[in-house]
Amino acid sequence: MRFLAVSRQGIVIFMLSALLAACTLVVDDGPRPRPPQPHPQLCTMQYQPVCARRGGDRQTFANACLAETEGYRIVREGPCRDGGGGEQTFCTREYAPVCGRRHGQVRTFPNACEARAADYRIVGDGPC
C-alpha cells in the first residue's frame with residue numbers, strides 16, 4: 001500500500017508539473033525594431049555649382065543636392081575660389097567664347113562654364 005501512496009504522490013506531482021509547464025506563457029516579440037536608416041537621396045545632374053564645406057575641406061559641387069548628400073554644408077552659390085580643390089565641374093562642350101580675367105591675366109575660354117571652372121571672372125563675351 002505504501003508503494004501505491006508514493007506512486008500516487010509521484011503521479012500527482014508529475015501531472016501538476018506537466019500542467020504548470022503547459023500553462024507557462026512564452027511571449028516572443030520577435031526581433032527588436034531597428035532605428036530608421038537614412039535613405040539614399042537621389043540628385044539631379046542639374047548644373048548649379050555651389051561651394052560647400054565639411055570640417056576644413058572646401059569643395060565645389062555641381063549642385064546643392066550632391067553636396068548635402070556627401071555631408072557638406074553649403075557656404076555659397078557658385079564654385080569655390082582660392083583653391084577649393086577637388087572640384088566637380090561639369091561643363092558642356094558648347095562653343096560660346098568668353099574673355100576671363102584672374103590676377104591681371106586675361107584668357108579666352110570656349111564658354112563661361114569653363115572660365116568659371118578655372119576660377120576666372122568673365123569680363124566680356126567673345127575672345128579677348
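Throughout, numbering of the chain's residues begins at 1 and tracks the sequence. Source: prediction; values computed, not measured.
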*Pairing residues for Gln46 by the side-chain contact (heavy atoms from CB on, under 4.5 Å) criterion, not counting sequence neighbours*: Thr44, Gln48
Sidechain-backbone polar pair: [X] side chain, [Y] backbone, donor-acceptor under 3.5 Å:
X      : Y      : result
Asn111 : Glu94  : yes
Arg102 : Arg107 : no
Thr108 : Cys99  : no

*Can you list the steps and then say if Cys51 with Arg58 is a side chain to side chain contact (heavy atoms under 4.5 Å, CB included)?*
CA-CA 7 Å; Cys51 182; Arg58 224 175 34 150; 3.9 Å; yes
*Side-chain hydrophobic cluster, 4.5 Å single linkage: members besides Ile122*: Val98, Phe109, Tyr120
*Please go through Val106's hydrophobic cluster and name the other residues, only I, L, V, M, F, W, Y counting, with side-chain heavy atoms under 4.5 Å joining them.*
none
Restricting to non-hydrogen atoms, name the atom on [X] and the atom on [Y] that form the minimum distance, rounded to 0.1 Å.
X      : Y      : answer
Arg53  : Tyr72  : C-CD2, 3.5 Å
Ala67  : Ile74  : CB-CD1, 3.7 Å
Pro110 : Glu114 : CG-CG, 4.0 Å

*Arg76 versus Val50: any side-chain heavy-atom pair under 4.5 Å?*
no
*Side-chain heavy-atom pair Phe61, Pro49 within 4.5 angstrom cut-off*: no
*To the nearest 0.5 Å, tell me how far Met45 CE sits from Leu66 CG.*
6.0 Å
*So how far is it from Glu68 CD to Arg73 CZ, rounded to the nearest 0.5 Å?*
11.0 Å
